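Here is the structure we will look at, set down as structure tokens.
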Amino acid sequence: MTPSRLFGLLSPAEFLSAYWQKRPLLVRGAVPDLGEPIDPDSLAGLACEPDVESRLVVADRRASRWTVEDGPLPPERFAELPDRDWTLLVQAVDHWVPAVSDLIDRFRFLPNWRLDDVMVSYAVDGGGVGPHFDSYDVFLMQGRGQRRWLVGDPCDETTPLLSHDRLRLLRDMTVREDHLLDPGDMLYLPPGLAHDGIAVGDCVTYSIGFRAPGVAEALAGMADLAAERHGDSARYRDPDLTLQDNPGEIAPAALDRLRSMMLTVLDDADLLAEWLGRWSTEPKVPEAVEAPDMRIDAASLGALFDSGVALHRNNGSRIAFVDRGGGSVLLFVDGEPQVCAGRTADLARLLASETRLPAARLGRFMADPAGARLLVTLVNAGALYTE
Ligand code: SIN
Ligand code: CO
């Protein structure tokens with residue numbers, strides 16, 4: 001299925017201009033061929049694994065009480081659960097289950113670096129995490145069963161919350177929209193909108209989650225990079241100092257000097273590109289990116305391509321690039337930057353845009369030592385694998 005059918009009659013470009021980060025959108029039959037990329041038993045199995053992030057949320061809606069248990073869960077926990085009012089949420093299922101990772105392909109019209117993960121939840125009748133808001137965009141795709149989604153008003157840090165140490169539950173939620181989703185339906189929610197998803201019978205929901213750096217986080221990251229680059233050498237200077245009336249005053253001119261020195265650091269486009277590239281490609285689950293037991297060399301990799309073996313991106317690996325102009329790019333793989341020029345820059349662009357590369361598209365890059373080196377390095381790091 002092509003991404004263009006994801007929003008029914010709306011094109012991805014129309015979705016971006018009218019809904020993305022602005023308003024919710026319900027699409028009936030958005031993903032009619034969704035099937036069951038993971039079944040509830042396998043999901044429960046994942047929640048018992050130590051490298052997988054999961055939560056079990058048990059609700060007592062009448063008492064407005066929700067309890068959260070973090071994974072890994074002991075397998076016997078599932079046998080003790082009641083018939084209703086609980087949900088199991090498993091984060092980054094795309095890292096572990098290729099069929100779940102394939103769901104992301106429908107969203108490749110959005111910049112990859114904005115994508116976070118696919119969370120999968122299984123809930124029994126009445127189960128859900130309660131009325132809340134999230135900081136990020138999300139596409140909620142309905143798998144098996146039905147879920148009722150209540151959508152409320154925009155919220156922010158001043159919105160009153162229930163005192164709950166784990167879930168940011170809303171004290172009140174005025175319901176503006178009420179939708180019962182069937183398998184294959186999809187609801188898009190922009191950041192900050194109140195919502196509450198309640199299972200109607202048992203159901204599975206796939207949440208394609210996005211992320212965006214906080215400005216404070218970006219500033220802190222830039223400060224760390226600047227400290228690495230400049231150390232103590234960049235320091236407040238005042239060769240233009242003149243006499244001031246009160247030596248006890250921190251004068252406006254002093255503040256201006258420091259401000260302008262800080263803005264010079266912040267205005268460094270290369271530094272910002274490096275920070276965002278590193279930040280956005282840092283693996284979410286480092287355990288999912290393992291170096292292979294056997295290292296490969298250029299000759300063996302070339303031979304594999306010659307025999308038609310394709311290259312795949314590890315589902316836990318993240319690749320992005322920044323164009324530096326003049327035909328060179330800064331390629332980021334799992335948080336590590338490297339400059340690629342000439343034909344290797346073409347290879348870098350290809351690696352960042354595709355998650356599967358047939359051998360026929362790779363042969364020409366192996367003829368070039370820099371291209372071959374890049375591919376061999378990434379295969380040996382576990383970011384790419386042959387199959
Ligand atoms: C879910 O229960 O699958 C989604 C939870 C949410 O609303 O964030
Ligand atoms: Co939510």
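Predicted model only: the values in this text are computed from it and were never measured. Order of appearance sets the numbers: ligands from 1, and atoms from 1 within every ligand.
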Which protein heavy atom lies closest to [atom], and at what distance to 0.1 Å?
atom: atom 3 (O) of ligand 1; answer: Ser121 OG, 2.5 Å
atom: atom 8 (O) of ligand 1; answer: His132 NE2, 3.2 Å
atom: atom 2 (O) of ligand 1; answer: Arg147 NH2, 3.3 Å

Give the numbers and elements of all ligand 1 atoms closer than 4.0 Å to a heavy atom of [X].
X: His195; answer: 6 (C), 7 (O), 8 (O)
X: Thr205; answer: 3 (O)
X: Leu89; answer: 1 (C), 2 (O)

Determine whether the aromatic ring centres of Phe210 and Phe139 lie less than 6.0 Å apart. yes
Test: [X] and [Y] ion pair at under 4.0 Å:
X: Arg144; Y: Glu36; result: yes
X: Arg278; Y: Glu282; result: no
X: Asp346; Y: Arg343; result: no

Compute the shortest N/O to N/O distance between Thr87 and ligand 1 and return yes if it is under 3.5 Å, no if not.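 N/O-N/O distance under 3.5 Å: no.
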Quick one about [Y] and [X] (side-chain donor to acceptor, distance below 3.5 Å, no hydrogens or angles considered), yes or no?
X: Gln21; Y: Asp137; answer: yes
X: Asp297; Y: Ser300; answer: yes
X: Thr264; Y: Asp267; answer: no

Does Trp279 have Arg211 sitting over its ring (NZ/CZ under 6.0 Å from centre, angle to axis within 45°)?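 Satisfied, under 6.0 Å and within 45°.
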Any Trp149 heavy atom less than 4.0 Å to ligand 1: yes
Check: of Leu167, Val129, Asp134, min heavy-atom distance to atom 5 (C) of ligand 1 comes from Val129
Of all N/O/S atoms in Asp134, the name of the one nearest the Co ion (ligand 2): OD2
For the metal site, I want the angle between atom NE2 of His132 and atom NE2 of His195 with the Co ion (ligand 2) at the apex, to 10°.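 About 90°, to the nearest ten degrees.
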